[in-house]
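Heads up, the thing below is written out as C-alpha cells.
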Amino acid sequence: MTGAIMESIERFRAPLVPGSTDRLLASDLAKETEFLAARTISIGTARANAMLGPLDLKVRSYSVLALACTADAPSQRELADFLCLVPSQIVALVDGLERRGLVERLNDPGDRRSKIIRATASGKRLYKRASETVREAEDISLQALTAEERNQLRSLLRRTAFTPTDQASAPG
C-alpha cells in the first residue's frame, strides 16, 4: 500500500472526536438523530473507502459488487432502488466494474428491456476479500459497542432503512 493510503486508513483508526471539539458535544446538534446518523455514516464511509482503496473499490462500487454476487442477480433498476441511487449512478458504477471484468450485464429473461448484473468469477473472488475489509472497517467503527449492542444497532437500522414510509410527506 502506498503511504497516502496508509495515512488515510490510520486517520480513520484514530479517535473520532478530537479534544478540540469536546465542548461541541453539549450542543443541541449533537443530540439530533439525523446529525448523529449522518456523522456516523460520513466517518464510517470514509474509513471503509480508505480501507477498500487498495482493492480499487469504494463503498458504492463494493455495494454493487456485493449485490451482483447474490444468487438472484439484480437488475440495474433493482440496484438503484435498493441502494437509493439514481439509475445514471448505477450505470457508471456497473460500467467501472464491468471494465475491470468483475461483473457482466445479461439480458433479463423476465423482461427483455432490462439488464441483470451478475458477478464474474474474478468479481466473486474480489468480493470475498473486500467483504473481509468491510467487516474490519465495521469493527473499528463499532469498537465502543458490545456484540449485543452491535446486533441491536443493526436491527434498529434495518427497521428504519427498510420500513416503507409515506413518500408524499418526504421533502423534495
Side-chain angles (χ1 to χ4, degrees), residues 1-70 74 76-97 117 126-127 129-172:
M1 279 189 249
T2 68
I5 292 172
M6 289 304 294
E7 184 178 306
S8 184
I9 290 170
E10 288 307 313
R11 176 174 168 237
F12 292 106
R13 289 183 192 263
L16 301 180
V17 182
S20 63
T21 61
D22 286 349
R23 63 185 173 78
L24 299 177
L25 288 172
S27 70
D28 288 341
L29 181 64
K31 298 174 188 126
E32 293 178 11
T33 304
E34 292 299 330
F35 167 75
L36 294 170
R39 180 177 164 80
T40 300
I41 290 165
S42 179
I43 291 167
T45 299
R47 178 181 292 116
N49 281 341
M51 293 176 70
L52 286 167
L55 301 175
D56 196 21
L57 291 172
K58 290 190 174 191
V59 170
R60 284 186 174 184
S61 54
Y62 165 79
S63 298
V64 170
L65 181 60
L67 292 171
C69 286
T70 60
Q76 288 187 172
R77 172 47 94 191
E78 289 170 322
L79 288 171
D81 290 346
F82 191 78
L83 297 175
C84 297
L85 297 173
V86 296
S88 62
Q89 291 172 307
I90 292 297
V91 169
L93 291 166
V94 171
D95 285 349
L97 294 170
I117 309 304
L126 180 62
Y127 167 68
R129 291 175 49 211
S131 66
E132 292 167 5
T133 300
V134 168
R135 279 193 296 282
E136 182 183 345
E138 181 181 290
D139 284 343
I140 295 167
S141 293
L142 302 180
Q143 64 188 337
L145 303 180
T146 66
E148 183 179 331
E149 289 169 331
R150 290 178 187 203
N151 288 334
Q152 182 180 20
L153 177 61
R154 272 187 210 94
S155 175
L156 293 171
L157 289 172
R158 188 173 177 87
R159 280 178 38 204
T160 58
F162 297 109
T163 299
T165 58
D166 180 6
Q167 296 300 317
S169 66

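The first residue in the sequence is number 1, and the count goes up from there.
Proximity of a side-chain donor or acceptor of Thr160 to a complementary backbone N or O of Leu157 within less than 3.5 Å is detected. For the pair Ser155 (side chain) and Asn151 (backbone), a donor-acceptor distance under 3.5 Å is absent. Under the 3.5 Å distance criterion, the side-chain polar atoms of Arg129 are left unmatched by any main-chain donor or acceptor of Leu55. Between the side chain of Lys58 and the main chain of Ala50, no donor-acceptor pair closer than 3.5 Å is present. At least one donor-acceptor pair under 3.5 Å links the side chain of Ser131 to the backbone N or O of Tyr127.
For Glu132, the CD atom counts as densely surrounded, since its 6.0 Å shell holds more than 12 non-hydrogen atoms of other residues, nucleotides or ligands. In this structure, Asp28 places its CG atom where only 12 or fewer heavy-atom neighbours from other residues, nucleotides or ligands lie under 6.0 Å away.
Note on Arg77 versus Asp81: salt bridge recorded, some NZ/NE/NH1/NH2 to OD/OE distance being below 4.0 Å.
Taking CZ of Arg158 as the start and CG of Leu153 as the end, the distance is 13.5 Å to the nearest 0.5 Å. Here CD of Glu136 is found 11.0 Å from OG of Ser141. Values are rounded to the nearest 0.5 Å. Note that CG of Leu93 and OH of Tyr62 are 14.5 Å apart. Values are rounded to the nearest 0.5 Å. Rounding to the nearest 0.5 Å gives a distance of 9.5 Å between CD of Gln143 and CG of Leu145. Here the CD-CD distance, from Gln89 to Gln76, works out to 13.0 Å after rounding to the nearest 0.5 Å. Taking CG from Leu52 and CZ from Arg60, the interatomic distance works out to 14.0 Å, rounded to the nearest 0.5 Å.
What you find for Thr133 and Met51 is that their closest heavy atoms are CG2-O, 3.4 Å. For the pair Ala144 and Glu149, the tightest heavy-atom approach, listed with the atom from each and the gap, is O-OE1, 4.1 Å. When every heavy atom of Ser27 is checked against every heavy atom of Leu24, the shortest pair comes out as OG-O, 2.8 Å. The minimum heavy-atom distance between Val86 and Ala80, with the atom names listed, is C-CB, 4.4 Å. For the pair Ala137 and Ala48, the tightest heavy-atom approach, listed with the atom from each and the gap, is CB-CA, 4.0 Å. Between Leu97 and Ser61 the shortest heavy-atom distance is CD1-O, 3.6 Å.
Side chains of Arg150 and Arg154 form a contact here, defined as non-hydrogen atoms less than 4.5 Å apart. Using a 4.5 Å heavy-atom threshold, the side chains of Leu57 and Leu126 count as touching.
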